[in-house]
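Only one structure is covered here, and it is reproduced in the block below.
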Amino acid sequence: MTAVTRFAPSPTGLLHIGGARTALFNWLFARRYGGRFLLRIEDTDRRRSTEEAVAAILDGLAWLGLDPDEPPSYQFERRARHAEVANAMLEAGAAYRCYAGPKELEAMRTAATSRGERFRYDGLWRDRDPAEAPVGAAFAIRLKAPRAGETIIHDLVQGDVCVANTELDDMVLLRADGTPTYMLSVVVDDHDMGVTHVIRGDDHLNNAFRQALVFEAMDWPLPAFAHIPLIHGPDGAKLSKRHGALGVAAYREMGLLPEAVCNYLLRLGWSHGDAEIISTEEAITWFGLEAVGRSPARFDREKLESVNAHYLRAVDDDRLLALLEPFLARPPDEAGRARLRAGLPALRPRAKTLVEFAELAAFYAASRPVVPDAKAARLLDAKGARALLARYATALEDTAWAEAALEAATRAFATSEDIGLGRVAQPARAALTGRTASPGLFEVLAALGREEALGRLRDAADSLPTGPRRHIVPSGASERTKAR
RNA sequence: GACCCCAUCGUCUAGAGGUUAGGACACCACCCUUUCAAGGUGGAGACACGGGUUCGAUCCCCGUUGGGGUCGCCA
C-alpha cells in the first residue's frame, strides 16, 4: 500500500496541541506505510487567514520534526479548479443554483430552531424552474443531496457510522461571490492530491458524510477516513482558548523538548501495550490506526512533563547546553559555561523542563560573588558558620579535586570538627550555590573546580551577615549577630 | 433540541468471554541520604448503572445515565 496522508489546517491561529497530534498521526501513518505526508494550508477564508498563522504552523511542524514530503500547497490558489468542479456538478445535475439570500436563510434558520429542529436548507431552489430565477442575481451553487436512504462511512477508527440522508442538507459548494467552500475544496483537493487516508479530528466526522456525497457525485473513489478523538482539557471539554489553547511555540517556551511532546501526544489515544517511552523509529514501526482509541483523552500537563524529564536525561551535552542558554537569565562567560557543562550530569535527574533546569543550573553559570537566597543566608548567618567555612576551605586546599577525594576530605574535616557531615555540608552548600537545595555537595565542588569553589567558600566566610537588617557591626562581633 | 460519537484507577491506558483486572503519571509510606531530586520497595486507587446472551461477562446485544462533538454562502 502506498499511503498518501495530509494535514490540512486553516491558518487562522496557532498550531495547537490537537492539530499537532493530527499532524503526528498523519506523518507516522505515511512513514509506516512508506507513503507521503502532505501539508495543505486551507486558506479559503480570506478574512481570517493570516501570514503569521501560516508561519506558526510551518514553524510548529518543523520544531516537532513533522516535515511534509512536498512543499505545502495553498488551497486558495486552487479556487479556479474548485469552481470548475462545482460547475461540472451543475452540468451533471448533481448541483443547482440557489438564489436564496442571507435574509431568507436566516428566516429558515429561526423557523427551524423554533420548531426545535436542526437547521437544513429547505431546498427552495432545488426543483424550481431556473426560468424563475431573478435575472442577473448572484447565486450560490448547492449540492443536490439525496433525500432518501442513508450514507455510511467506514471509519478506520470509529467503525461504520451511518446517518440518514434526511439529516444532510443541500450544502453550498460555491458561494455567491464565486469562491468555493471548504466542503468542496477539501474533496477536490484530496482527490487531486491523491490522498488515500484522511486522518483528522473527530469534529470532522459529520463533515465526512457530506464530503462523501461530493465524491459520489463526481464518481471519485472515496478515501479511507479515520476520525481520531479530540483532545480535551482537564475539565473534559474540547481543548479551547478556555484552557489556554496554546500553540506549540508555547510548549517550547515552557522548556519542553519536541521529542517529548511527540511521545506524549502519541500516547494520547494510541498505545502499544505498556510502552510509554517510544522512540520515533519504534513509533514508525508500531503505529497503526487499529490501535487508536475511540474515546477522547484529557490533556495532562504533569504527565507531559514527566515524559519530558525522561528525554531531558538523554539529550547530549552539546545540545542541552544550547537548549539551556535561552532560558538562562544572562549568558554565562566561558568559565561559567565550563562549570555548567561539568555540572550537567547531576542536574539532569532534577529537572522536568528546561525552565526548571536553567533555574537549578543558574548557580553554575553565575560568577562570584554568589548571592544567597533567604534560607541560605540564614544558614550562613548561623553562629560559627562563617568561621567553619573558612576552616573548611583551608582543609580542602590540598585535596585532589575529584568527587571521591573531596568526600573523603570533607568527612575527615567533619570528624576533626567533631560534627556531623550535614553541619558542614549545609553551610557549604549555601556558600557554593546560594541555595539550601542542590545536587550533592561533592558533585558541586567537583564541577565548580578548585579555584571557584574555594573562592565561593571564602567569599561567604569573609562576608558580613546578610539578614534583612544589615547593620555594620564591629569586626569580631559578627558571630553574635543573629540573622532574624 | 436534533443528529453522531464515547464510557476500565484522579489522568493516560493494557485487556479482544474464564486474569489476584496489568502498566505509566500523580498521590501516600518506607529505604537510601549532606539538602533537593533521582532510584529501590511497598500501598491506596477502576471495569457508570440496569437488563439480556452465555456454564461464565470489563469484554457481545439492548436500554438508562453521564460526557463529548456537529448543526454557517467558517474551516
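Note on naming: letters A, B, ... go to the chains in the order of the sequence lines (proteins, then strands), and numbering restarts at 1 for each one.
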| query | A/Val172 has a side chain; which of B/C73, B/U70, B/C6 sits nearest to it? | reply | B/C73
| task | Write down the distance separating the P atoms in B/C9 and B/C49, rounded off to the nearest Å. | result | 11 Å
| query | Where the side chain of A/Thr181 is defined as all heavy atoms beyond and including C-beta, which of B/C73, B/C6, B/U34 is the nearest nucleotide? | reply | B/C73
| note | Of B/C4, B/U35, B/A38, the nucleotide closest to the side chain of A/Pro349 is B/A38
| query | Rounding to a whole Å, what distance do you find between A/Ile153:CD1 and B/G69:P? | reply | 21 Å
Could you go over nucleotides 24-28 of chain B and give all protein N or O partners under 3.5 Å, atom names and distances?
unit_1: B/A24; atom_1: O4'; unit_2: A/Glu276; atom_2: OE2; d: 3.4
unit_1: B/A24; atom_1: O2'; unit_2: A/Lys303; atom_2: NZ; d: 3.3
unit_1: B/A24; atom_1: N3; unit_2: A/Lys303; atom_2: NZ; d: 2.9

| field | Partner nucleotide, any strand, of B/U65 [Watson-Crick/G-U, under 3.5 Å] | value | B/A7
| query | Which nucleotide in the list B/A75, B/U13, B/C3 gets nearest to the side chain of A/Arg267? | reply | B/U13
| How far, in whole Å, is B/C25 from B/U33 if one measures between their C1' atoms? | 25 Å
| message | Mind checking if A/Leu441 touches a base, just sugar-phosphate, or nothing, with heavy atoms under 4.0 Å? | response | base
| message | Going by the rule salt bridge (charged side-chain N to carboxylate O under 4.0 Å, His left out), which residues pair with A/Glu84 if we only count those two or more places apart in sequence or in a different chain? | response | A/Arg81
| request: Indicate, with a heavy-atom threshold strictly under 4.0 Å, whether A/Met183 touches base, sugar-phosphate, or nothing. | output: base
| message | Base, sugar-phosphate or nothing for A/Asp177? Non-hydrogen atoms, less than 4.0 Å. | response | nothing
| task | Look at all strands and tell whether A/Thr436 reaches a base, only sugar-phosphate, or nothing, counting heavy atoms closer than 4.0 Å. | result | base
Mind listing the side-chain donor-acceptor pairs of residues 425-440 of chain A below 3.5 Å, one per line with the distance, residues two or more places apart or on another chain?
unit_1: A/Gln426; atom_1: OE1; unit_2: A/Arg429; atom_2: NE; d: 2.9
unit_1: A/Arg429; atom_1: NH1; unit_2: A/Ser438; atom_2: OG; d: 2.9
unit_1: A/Arg429; atom_1: NH1; unit_2: A/Pro439; atom_2: O; d: 3.1
unit_1: A/Thr433; atom_1: OG1; unit_2: A/Arg429; atom_2: O; d: 2.8
unit_1: A/Thr433; atom_1: OG1; unit_2: A/Arg435; atom_2: N; d: 3.0
unit_1: A/Thr433; atom_1: OG1; unit_2: A/Arg435; atom_2: O; d: 3.4
unit_1: A/Arg435; atom_1: NH2; unit_2: A/Glu359; atom_2: O; d: 3.3

| query | Is a side-chain N or O of A/Thr179 found less than 3.5 angstrom from the main chain of A/Arg175, in a donor-acceptor match? | reply | no
| field | Polar side-chain contact A/Arg298-B/U11 base: donor and acceptor under 3.5 Å | value | no
| query | salt bridge (charged side-chain N to carboxylate O under 4.0 Å, His left out) with A/Arg298: which residues, sequence neighbours excluded? | reply | none
| task | List in chain and number order the residues that pass ring-ring contact (aromatic ring centres under 6.0 Å, His included) with A/Tyr364, two or more places apart in sequence or in another chain; answer none if no residue qualifies. | result | none
| field | Counterpart base for B/U53, defined by Watson-Crick or G-U wobble contacts under 3.5 Å | value | none
Listed pairs, N/O of protein and of nucleotides 30-33 of chain B, under 3.5 Å:
none

| remark: Sequence neighbours excluded, the answer for ring-ring contact (aromatic ring centres under 6.0 Å, His included) partners of A/Phe413 is A/Tyr392
| Distance between the P atoms of B/A38 and B/C27, in whole angstroms? | 9 Å
| field | Residue list, salt bridge (charged side-chain N to carboxylate O under 4.0 Å, His left out) with A/Arg267, at least two apart or on another chain | value | A/Glu276
| request: Return the nearest nucleotide to the side chain of A/His232; candidates are B/G68, B/U35, B/C73. | output: B/G68
| said: Under the ring-ring contact (aromatic ring centres under 6.0 Å, His included) definition, can you give me all pairs with a residue in residues 152-179 of chain A, not counting sequence neighbours? | reply: none
| message | Given 3.5 Å as the limit, does a donor-acceptor pair link the side chain of A/Arg386 with the main chain of A/Ala460, or not? | response | yes
| query | Any idea which of B/C4, B/C36, B/A75 is nearest the A/Arg350 side chain? | reply | B/C36
| query | With rounding to whole Å, what would you report as the distance between B/C55 and B/C12 at their P atoms? | reply | 37 Å
| field | Assigned partner base of B/A2, Watson-Crick or wobble definition, under 3.5 Å | value | B/U70
| note | Sorted by chain and residue number, the ring-ring contact (aromatic ring centres under 6.0 Å, His included) partners of A/His227 (sequence neighbours excluded) come out as A/Phe225
| task | For B/A26 and B/G69, measure between their C1' atoms and round to the nearest Å. | result | 29 Å
| task | Indicate yes or no: does A/Arg40 engage A/Asp189 in a salt bridge with an N to O separation below 4.0 Å. | result | yes
| message | Near RNA chain B, counting only heavy atoms under 4.0 Å, which residues of residues 388-395 of chain A show up? | response | none
| Are A/Asp192 and A/Arg78 ion-paired here, with the side-chain N under 4.0 Å from a carboxylate O? | yes
| message | Given the structure, check if the side chain of A/Arg294 and the base of B/C6 hold any donor-acceptor pair shorter than 3.5 Å. | response | no
| message | Side chain of A/Ala140, heavy atoms from C-beta onward: which of B/A75, B/A38, B/C73 has the nearest atom to it? | response | B/C73
| request: Classify the nucleic acid contact of A/Pro439 as base, sugar-phosphate or nothing, counting any heavy atom under 4.0 Å across all strands shown. | output: base
| query | Where the side chain of A/Leu230 is defined as all heavy atoms beyond and including C-beta, which of B/U35, B/C73, B/G69 is the nearest nucleotide? | reply | B/G69
| said: Under 4.0 Å between a side-chain nitrogen and a carboxylate oxygen: does that hold for A/Asp381 and A/Arg378? | reply: no
| request: Just name whichever nucleotide pairs with B/U20, Watson-Crick or G-U, keeping both distances under 3.5 Å, else none. | output: none
| said: Nearest to the A/Arg142 side chain among B/C73, B/C6, B/C4, which nucleotide is it? | reply: B/C73
| message | Using the C1' atom as the point on both nucleotides, what is the distance between B/U64 and B/G40, in whole Å? | response | 47 Å
| Considering Watson-Crick and G-U wobble pairs with both distances under 3.5 Å, what does B/G42 pair with? | B/C28
| query | Choosing from B/C73, B/C5, B/A2, which nucleotide comes nearest the side chain of A/Arg175? | reply | B/C73
| request: Mind checking ring-ring contact (aromatic ring centres under 6.0 Å, His included) for A/Phe7 and listing every partner two or more places apart, or none if nothing turns up? | output: none
